[in-house]
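Right, I'll just put the structure down here and ask away after.
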Amino acid sequence: MTTPRPCIALTLGDPAGIGPELVARLLAERGTADQAAIVVVGDPWLWQEGQRIAGTHLDLPEIDDMAQARELSGPALFPLHTLDRDQAEYGQVSPVCGASVLKVLAHCLDAANDGHIDAICFAPLNKLAMKQGGLKHEDELHFLAEYLGVTTDVCEFNTLGNLWTSRISSHVPLAEAARHVTHERIMSATRLIHEALIASGLEHPKIAVAALNPHAGEGGTCGREEIDIIAPAVEACVGAGYPAQGPFPADTLFRRARDGEFDGVVTMYHDQGQIALKLLGFERGVTVQGGLPIPVTTPAHGTAFDIAGQGKANVQAMRHAFDIACRMGRHRLENG
């Protein structure tokens, strides 16, 4: 039986960041084009600028319909004119660049709704620029969810190699994080990461749930969330068919996960997992947007404005983001 070949939309990210360079480096690597039908979506001048910075040269045929990408033997460019060259300055937050990102993402989402692509892999974007450019949501995940008509729970996953994390709250002030620790959110984050790990190719994922308080609350003397909320939620997850263990003290949990004891970790707030993963491998981390009807991935490191336009960008995380998009897109093709 022939393995299905997914169609992946690649975006160039914030025009003022390292995204165009990363996409150019990725497509220049041997084997990239063999993994999927690939369509680069964005401004033609920006694609050429990315190649100039990366020192690569690849002539992509232009298509005027995203559906055509599946029929081509190699990558293609869908030209989408969003801004002029003189409107983007490397390393600068700009509402014009943010609006450009939103327009490109919206076009990719339309193509996903029409069944023309199986996954989206976007180069790094800048949330402040997007908000200045018209984003009305706290982050791109909630923009994607609303655009796709998703009314169920969504969650941002961060991955490093074989280790994935989800979290029950994301871009909220730390002072508000504790009130997001609820039975329902813990169950939702566990379910979503379980399903995502299976979609990425892992048949029986092992999932750990982190504690909120130091030393997992020390038997209730240092906080009762573990006793009153987290442990009952973990038990409910197991009963619902999402194997999970915990809660475990966060200061030792990631050492165990790093050593292969767990495939996924459910964290209680943004930095609890982010600090651990970025310390373990900042250049390789990937963010996966969970709970959407189509896989969406991106490097976790951001736009790197300090080195934008200098030809110094490391392509590792972009490559891993693309690999995950291909695996999950293939799973989506195979399972409908």
Side-chain angles (χ1 to χ4, degrees), residues 2-15 17 19-54 56-85 87-88 97 99-125 140 144 147-148 289 292-299 315 318-319 321-330 332-334:
T2 304
T3 302
R5 188 167 179 255
C7 184
I8 311 297
L10 271 178
T11 83
L12 299 168
D14 190 299
E21 175 188 352
L22 293 178
V23 174
R25 291 187 188 282
L26 174 67
L27 290 182
E29 289 189 343
R30 180 173 300 184
T32 297
D34 298 331
Q35 293 180 252
I38 301 169
V39 55
V40 177
V41 184
D43 292 87
W45 73 262
L46 189 57
W47 161 242
Q48 294 301 331
E49 178 70 358
Q51 291 204 92
R52 182 191 68 78
I53 297 166
T56 63
H57 181 74
L58 183 64
D59 287 324
L60 299 184
E62 292 190 3
I63 59 176
D64 56 13
D65 188 333
M66 294 279 275
Q68 297 171 342
R70 291 190 191 275
E71 310 305 321
L72 300 179
S73 58
L77 174 68
F78 183 91
L80 192 63
H81 300 281
T82 68
L83 76 171
D84 296 328
R85 175 66 186 89
Q87 292 180 287
C97 291
S100 167
V101 166
L102 290 170
K103 183 175 180 180
V104 171
L105 286 177
H107 197 89
C108 291
L109 295 172
D110 288 337
N113 278 332
D114 292 338
H116 299 326
I117 60 174
D118 305 304
I120 299 168
C121 179
F122 63 85
L125 45 78
E140 66 274 15
L144 298 171
Y147 200 101
L148 292 170
Q289 312 292 347
L292 305 178
I294 182 171
V296 181
T297 68
T298 188
V315 76
M318 191 74 197
R319 184 190 310 119
F322 176 74
D323 290 344
I324 292 173
C326 289
R327 292 203 308 270
M328 297 184 77
R330 191 174 301 114
R332 184 170 183 261
L333 272 178
E334 292 172 338

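Residue numbers count from 1 along this sequence. Remember, predicted model here, so these are calculated numbers, not experimental data.
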Can you list the residues that meet the side chain to side chain contact (heavy atoms under 4.5 Å, CB included) rule with Arg52, with sequence neighbours excluded?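 Arg52 satisfies side chain to side chain contact (heavy atoms under 4.5 Å, CB included) with Glu49 only.
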Sequence neighbours left out, what pairs pass salt bridge (charged side-chain N to carboxylate O under 4.0 Å, His left out) with at least one residue falling in residues 28-40?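 Sorted result for residues 28-40: Glu29-Arg319.
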How close do Ala321 and Thr297 get, counting heavy atoms only, and between which atoms?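 It is O-OG1, 2.8 Å.
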Quick check for you: to the nearest 0.5 Å, what is the distance between Ile38 atom CD1 and Leu26 atom CG?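 If I round to the nearest 0.5 Å, the distance is 7.0 Å.
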With sequence neighbours left out, what residues match Ile63 under side chain to side chain contact (heavy atoms under 4.5 Å, CB included)?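 Val39, Gln68, Ala69, Leu72, Ala76, Phe78.
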Of all residues at least two apart in sequence or in a different chain, which pass the side-chain hydrogen bond (donor to acceptor under 3.5 Å, both in side chains) check with Gln51?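 Counting only residues at least two positions away or on another chain, Gln51 forms no side-chain hydrogen bond (donor to acceptor under 3.5 Å, both in side chains).
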Partners passing side-chain hydrogen bond (donor to acceptor under 3.5 Å, both in side chains) against Asp110 (at least two apart in sequence or in another chain):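 With sequence neighbours excluded, Asp110 shows a side-chain hydrogen bond (donor to acceptor under 3.5 Å, both in side chains) to Tyr147, given in chain and number order.
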Report the residues that fulfil side-chain hydrogen bond (donor to acceptor under 3.5 Å, both in side chains) with Asp84, sequence neighbours left out, ordered by chain and then residue number.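 Expected list: none.
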With side chain to side chain contact (heavy atoms under 4.5 Å, CB included) as the criterion, how do Ile120 and Leu109 come out once you've worked through the C-alpha distance, each side chain's angles and the decisive distance to 0.1 Å? CA-CA 8 Å; Ile120 299 168; Leu109 295 172; 3.9 Å; yes
With sequence neighbours left out, what residues match Thr82 under side-chain hydrogen bond (donor to acceptor under 3.5 Å, both in side chains)?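 Thr82 satisfies side-chain hydrogen bond (donor to acceptor under 3.5 Å, both in side chains) with Asp43, Ser100 once adjacent residues are dropped.
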Hey, could you give me the CD/CG distance between Glu140 and Leu125, rounded to the nearest 0.5 Å?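 Here the rounded value is 5.0 Å.
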Where the side chain of Trp45 meets the backbone of His81, is there a donor-acceptor pair that is under 3.5 Å apart?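 No, Trp45 side chain to His81 backbone: no donor-acceptor pair under 3.5 Å.
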For residues Ile117 and Cys108, report the shortest heavy-atom separation together with the two atoms involved.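 Taking every non-hydrogen atom into account, CD1-O, 3.4 Å.
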Closest heavy-atom contact between Pro293 and Leu148?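 Looks like CD-CD1, 3.9 Å.
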Given side chains that start at C-beta, do those of Pro20 and Ile53 come closer than 4.5 Å, heavy atoms only?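 Pro20 does not reach Ile53 side chain to side chain.
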With sequence neighbours excluded, tell me which residues meet side chain to side chain contact (heavy atoms under 4.5 Å, CB included) with Pro295.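 Testing Pro295 for side chain to side chain contact (heavy atoms under 4.5 Å, CB included), a comparison that skips the adjacent residues, returns Ala119, Met328, Arg332.
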What's the shortest heavy-atom distance between Gln35 and Phe322, and which atoms?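 Closest pair (atom of Gln35, atom of Phe322, distance): OE1-CE2, 3.6 Å.
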Where is the tightest heavy-atom contact between Val104 and Gly42, given as atom of each residue plus distance?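 Between these two residues, the closest heavy atoms are CG2-CA, 4.4 Å.
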Set of residues satisfying side chain to side chain contact (heavy atoms under 4.5 Å, CB included) with respect to Leu60, sequence neighbours excluded: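 Checked Leu60 against side chain to side chain contact (heavy atoms under 4.5 Å, CB included); matches are Leu27, Val40, Trp47, Leu58, Pro75, Leu77.
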As an exercise, state the distance from CG of Leu46 to CD of Glu21, rounded to the nearest 0.5 Å.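 If I round to the nearest 0.5 Å, the distance is 12.0 Å.
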Residue pairs, two or more places apart or on separate chains, that pass salt bridge (charged side-chain N to carboxylate O under 4.0 Å, His left out) and touch residues 57-83: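 Those involving residues 57-83 are Arg70-Asp118.
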Nearest atoms (heavy-atom pairs only) where Ala123 meets Gly19: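 That closest heavy-atom pairing would be CB-CA, 3.5 Å.
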At what distance, to the nearest 0.5 angstrom, does CD of Gln289 lie from CD1 of Ile294?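 Between Gln289 CD and Ile294 CD1, I get 12.5 Å after rounding to 0.5 Å.
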